[in-house]
Amino acid sequence: MASPSSKRNSSASQDPKKPIPHDVPPSAWLLALELRAVWEFGALLPAWPLLARAPRGDGHAVMVFPGLSANDATTVPLRHYLQSLNYKPWGWEQGFNFGPRAGVLEEARDSLSRTFEATGRKVSLIGWSLGGVYARELAKEMPDKVRCVITLGTPFAGSHKATNAWRIYELTSGRSVERESDNYDLPAAPPVPTTSIYSRSDGVVAWQASIQAPSAANPETENIEVLASHIGMGVNPSAWWAVADRLAQPEGQWKPFAREDKGRLHGLVYPEPAQAT
């Protein structure tokens, strides 16, 4: 997947003015709180009447990438929701996500190209955790085929030590996460509308590692904070609403997420997001 445009500039990486990446993983207490994902999934039923009122889509295709050691079964609820809103969602269709092993990223590129050519329209990419790294890097390589990128708890702004899952990544992928990340400029925003959905109570990925810094090259970037666990983010009602809201924007008419435009409750559900500098 490495390309000349995606590799890091060695002189830039040594810039003393560049912020030091966050390298502390979430605490053991936050990791234990990941068990609340069961309640987040259970909250979908009572929240459904509100979720069904989300803006309708325009029928474009949406590709959804699962997280580390997960498969398309984990994104079925989200994809069914998006289908109910008039999108054409599909999974990555490559079994369990054990990292970018041989052929994985090539197949993802081919799948994106096939869908773009079949529909004649740009494709939106959604990635949960590690899946969001794939979505972001694909958008950097193929921006002419990507409408927008939305990530859920994706670690792209911190060091590999900013998560509680980097050892699992190395075990399942057989790759060094530090060496792997050196091949890409992960913090750089894709050149398409980009949304990072994150939670300060994420027990797997340090929330600081999911903050998109302002981009002079692409002002259409944002961070949306939700109250969610990492494991439950893909089935969290507030995360679903944010995803639906972002996908529904007309192509070429991007606007930042309006966290308070629907009253005080909306502002409480979506706290004021942190900003990287």
Side-chain angles (χ1 to χ4, degrees), residues 19-44 47 64-78 81 96-99 126-136 150-173 175 177-178 180-181 186-187 195-213 222-243 259 268-276:
I20 298 174
H22 185 82
D23 62 359
V24 179
S27 67
W29 169 245
L30 285 178
L31 184 59
L33 285 178
E34 285 296 306
L35 293 173
R36 70 189 188 276
V38 176
W39 283 269
E40 292 173 88
F41 180 70
L44 288 175
V64 186
F65 295 88
L68 176 63
S69 299
N71 61 14
D72 285 334
T74 62
T75 66
V76 165
L78 174 58
Y81 174 57
F96 287 92
N97 181 0
F98 290 139
I126 299 176
W128 189 352
S129 194
L130 175 62
V133 173
Y134 298 169
R136 288 170 61 92
I150 303 172
T151 59
L152 303 167
T154 293
F156 56 81
S159 77
H160 69 282
K161 295 181 180 178
T163 82
N164 281 313
W166 68 270
R167 290 184 179 85
I168 297 176
Y169 174 90
E170 293 192 337
L171 179 64
T172 58
S173 69
R175 297 167 178 257
V177 66
E178 185 173 10
E180 192 92 332
S181 62
L186 297 181
T195 298
S196 174
I197 299 176
Y198 73 97
S199 171
R200 290 177 190 261
S201 61
D202 189 318
V204 177
V205 173
W207 65 268
Q208 296 93 335
S210 297
I211 299 299
Q212 176 62 62
E222 63 184 344
N223 303 296
I224 301 176
E225 182 179 352
V226 296
L227 306 176
S229 65
H230 184 84
I231 295 175
M233 201 171 296
V235 292
N236 181 283
S238 59
W240 277 19
W241 179 276
V243 168
R259 55 180 291 274
L268 291 175
V269 172
Y270 300 101
E272 188 69 40
Q275 296 292 333

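Because only heavy atoms are used, hydrogens play no part in the values below, and waters and symmetry mates are left out as well, while side chains stay in. These numbers come from a predicted model, not from an experiment.
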Report the C-alpha distance between Asp202 and Met233 in whole Å, list the side-chain angles of each, state the deciding distance to 0.1 Å, and finish with yes or no for side chain to side chain contact (heavy atoms under 4.5 Å, CB included). CA-CA 9 Å; Asp202 189 318; Met233 201 171 296; 4.0 Å; yes
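Shown here for Thr163 and Pro155, the closest heavy-atom pair between the two residues is CG2-CB, 3.8 Å. Here the closest non-hydrogen pair linking Ala135 and Gly127 is CB-N, 4.4 Å. Of all non-hydrogen atoms in Thr75 and Trp128, the two that sit nearest each other are CG2-CE3, 4.3 Å.
In this view, Glu34 satisfies the side chain to side chain donor-acceptor pair (under 3.5 Å) rule with no residue, not counting sequence neighbours. In this structure, the side chain to side chain donor-acceptor pair (under 3.5 Å) partners of Ser129, at least two apart in sequence or on a different chain, are His230. Checked against side-chain contact (heavy atoms from CB on, under 4.5 Å), Ala43 has the following partners two or more places apart in sequence or in another chain: Pro237. With sequence neighbours excluded, the residues forming a side-chain contact (heavy atoms from CB on, under 4.5 Å) with Asn164 are Pro25, Pro26, Leu31, listed by chain and number. Checked against ring pair (Phe, Tyr, Trp, His ring centres under 6.0 Å), Phe96 has the following partners two or more places apart in sequence or in another chain: Phe98. Thr195 meets the side chain to side chain donor-acceptor pair (under 3.5 Å) test with Glu222; sequence neighbours excluded. Residues passing the side-chain contact (heavy atoms from CB on, under 4.5 Å) test with Ser238, sequence neighbours excluded: Val226, Asn236, Val269, Tyr270. Residues forming a side-chain contact (heavy atoms from CB on, under 4.5 Å) with Val76 (at least two apart in sequence, or on another chain): Arg79, His80. For Ser229, the side chain to side chain donor-acceptor pair (under 3.5 Å) partners two or more places apart in sequence, or in a different chain, are Glu40.
Contact check for Val205 versus Thr154: no side-chain heavy atoms found under the 4.5 Å cut-off. Residues Phe156 and Gln212 have side chains in contact (heavy-atom distance under 4.5 Å, counting atoms from C-beta outward). Using a 4.5 Å heavy-atom cutoff, the side chains of Arg200 and Pro271 are not in contact.
Once rounded to the nearest 0.5 Å, the distance linking OH of Tyr198 with CD1 of Ile224 reads 10.0 Å. Note that CD of Glu225 and OG of Ser201 are 8.0 Å apart. Values are rounded to the nearest 0.5 Å. With values rounded to the nearest 0.5 angstrom, Ile211 atom CD1 is found 6.0 Å from Ser196 atom OG.
Between the side chain of Trp240 and the backbone N or O of Gly234, at least one donor-acceptor pair lies under 3.5 Å. Asn97 contributes a side-chain N or O that, together with a main-chain N or O of Pro66, makes up a donor-acceptor pair within less than 3.5 Å.
The aromatic rings of Tyr134 and Phe65 stand perpendicular to each other, their planes meeting at an angle above 60°, with 30° marking the opposite boundary.
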